[in-house]
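As structure tokens, the structure follows; a few thoughts come after it.
So you know, we letter chains A, B, ... as the sequences are listed, proteins then strands, and number each from 1. Keep in mind that the numbers below use all heavy atoms, side chains included, and drop hydrogens, waters and symmetry copies.
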There are 2 protein chains.
Amino acid sequence: MKRNTWQREAVREALDGTGGFISAQALHSALHASGSPIGLATVYRALGDLASTGEADSLQSPDGEALYRACSTTGHHHHLICRNCGLTVEIAADEVEAWAKRVAGEHGFTGAAHVVDVFGLCADCTAAQRGADERRADATANGSSSSHPA
Amino acid sequence: MKRNTWQREAVREALDGTGGFISAQALHSALHASGSPIGLATVYRALGDLASTGEADSLQSPDGEALYRACSTTGHHHHLICRNCGLTVEIAADEVEAWAKRVAGEHGFTGAAHVVDVFGLCADCTAAQRGADERRADATANGSSSSHPA
DNA sequence: ACTGATGTTGACAATCATTATCAATAGACC
DNA sequence: GGTCTATTGATAATGATTGTCAACATCAGT
Ligand SMILES: [Mn+2]
Ligand SMILES: [Mn+2]
Ligand SMILES: [Zn+2]
Ligand SMILES: [Zn+2]
């Protein structure tokens, strides 16, 4: 059966004490910094377990790193994530749930799951960046710095 | 300035000739198999360029691989992807666009982008799997094989 | 509390996708 | 054709994640 170890508890607590999403590597560093001798492989295993039981959410960062976050809401939900500071807001999305189910069905798909995450700049980071932008409003004549999300 | 090379064209065509999403590695293999001596690094570069100009969509597979697909629709859109055969349907989602914008605004977020993809089993793969399931309906007493998407 | 079976750990090696190097090559323009 | 330089590609380097396996710790049974 599944045994209780201080390692798993340490990971759970460290994750709880983290505001937004964090990588396995970063969480391991944080644990080490706070004096814990936990192994890296164990952190990976613990995070994987938490994610598979629904106690944590996981998502794939744009550069291919797996990120984890303690899940406060028990049910199914999605995230609004600050791409600068990592602040994460959990959001319900009934409309989107219905939409996903419907569009899958319309195309004959079964066992539909979905990935729905919104990225942006939180209010604080927006304010901070606005200041920086004004400070260098001269060099760049080309204003297009946008990306091409799908 | 940007130069035209047969390599970039080869990648574009290979991607066009692919039904669903494909990884850089797989596309490189496919090109080699068809006799092209193109280098792996070049495939990575070409795909990155296509994605950054919006000519291709990219998404991060659950196991952290970057997948690319030639984009038929020019505008913003999303995907319905068969997790078994890779068949991909491009879908417009005005509801979701509005929802994402609204929820971001409600929380003070700016510069909102979003990731919205639906995964499932396409009609064909569903039929194929149904056959396989019936053939082994005895060993497994535990029927829960579901995951915990966020 | 002791003990045995076995789930768990962690140092380390192994994978594997992706990126960085950098000398050789080949477009674009004259 | 000649020059300039963006591009290529073989290869090494990076970095996250997983596999290995002997040592260890948990816990049900006693
Ligand atoms: Mn969550
Ligand atoms: Mn697309
Ligand atoms: Zn922020
Ligand atoms: Zn399919």
Side-chain angles (χ1 to χ4, degrees), chain A residues 1-15 18 20-53 55-69 86 147 150, chain B residues 1-15 18 20-53 55-69 81 83 86 142 147-148 150:
Chain A
M1 97 281 316
K2 175 157 295 188
R3 297 176 183 174
N4 293 327
T5 67
W6 63 264
Q7 286 93 334
R8 262 201 273 268
E9 194 50 39
V11 169
R12 210 193 312 263
E13 284 180 18
L15 197 61
T18 301
F21 280 88
I22 189 173
S23 69
Q25 302 274 353
L27 194 62
H28 179 243
S29 294
L31 282 164
H32 260 199
S34 69
S36 172
I38 191 173
L40 177 57
T42 302
V43 174
Y44 272 98
R45 284 187 285 243
L47 287 175
D49 288 349
L50 290 178
S52 74
T53 60
E55 296 183 71
D57 288 327
S58 70
L59 62 84
Q60 214 67 22
S61 87
D63 44 287
E65 219 181 352
L67 303 182
Y68 299 86
R69 178 171 188 277
S147 51
Chain B
M1 95 286 314
K2 176 157 295 188
R3 296 175 183 174
N4 293 329
T5 65
W6 64 264
Q7 286 94 335
R8 261 200 274 268
E9 193 51 38
V11 169
R12 210 193 312 264
E13 283 180 19
L15 197 61
T18 301
F21 280 87
I22 188 172
S23 70
Q25 301 275 354
L27 194 62
H28 178 243
S29 294
L31 282 163
H32 262 199
S34 69
S36 172
I38 190 172
L40 176 59
T42 302
V43 174
Y44 271 99
R45 283 187 285 244
L47 287 176
D49 288 348
L50 290 178
S52 74
T53 62
E55 296 182 71
D57 287 328
S58 70
L59 63 84
Q60 214 68 23
S61 86
D63 44 288
E65 220 179 350
L67 303 182
Y68 299 86
R69 179 173 189 275
I81 306 159
R83 67 167 65 94
N142 176 327
S147 50
H148 285 272

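As judged by a 4.0 angstrom heavy-atom cut-off over every strand, A/Asp63 is placed among residues making no nucleic acid contact. Residue contacts shown for B/Arg8 are limited to sugar-phosphate atoms, with no base heavy atom under 4.0 Å away.
A side-chain N or O of B/Glu55 and one of B/Thr53 form a donor-acceptor pair less than 3.5 Å apart.
Taking only distance into account, the side chain of A/Arg45 never meets the base of C/dG7 through a donor-acceptor pair shorter than 3.5 Å.
For A/Thr5 and C/dT8, the shortest distance from a side-chain N or O to OP1 or OP2 is not below 4.0 Å. Contact check, A/Arg3 against C/dT6: no side-chain N or O comes under 4.0 Å of OP1 or OP2.
Nucleotide D/dA16 holds its P atom 12 Å from the CG atom of A/Leu67, rounded to whole Å. We find that CG of A/Leu40 is positioned 17 Å from P of C/dA14, with the value rounded to whole Å. In this structure, A/Tyr44 places its OH atom 17 Å from C1' of D/dT20, rounding to the nearest Å. Here the P atom of nucleotide C/dA24 and the CD atom of B/Gln7 are 18 Å apart, to the nearest Å.
Between A/Ala24 and A/Val43, the closest heavy-atom pair is O-CG1, 3.7 Å.
Side-chain contact between A/His28 and A/Ile38 is present, with at least one heavy-atom pair separated by less than 4.5 Å.
Annotation: salt bridge (charged side-chain N to carboxylate O under 4.0 Å, His left out) contacts involving residues 25-52 of chain A, sequence neighbours excluded, comprise A/Arg8-A/Asp49.
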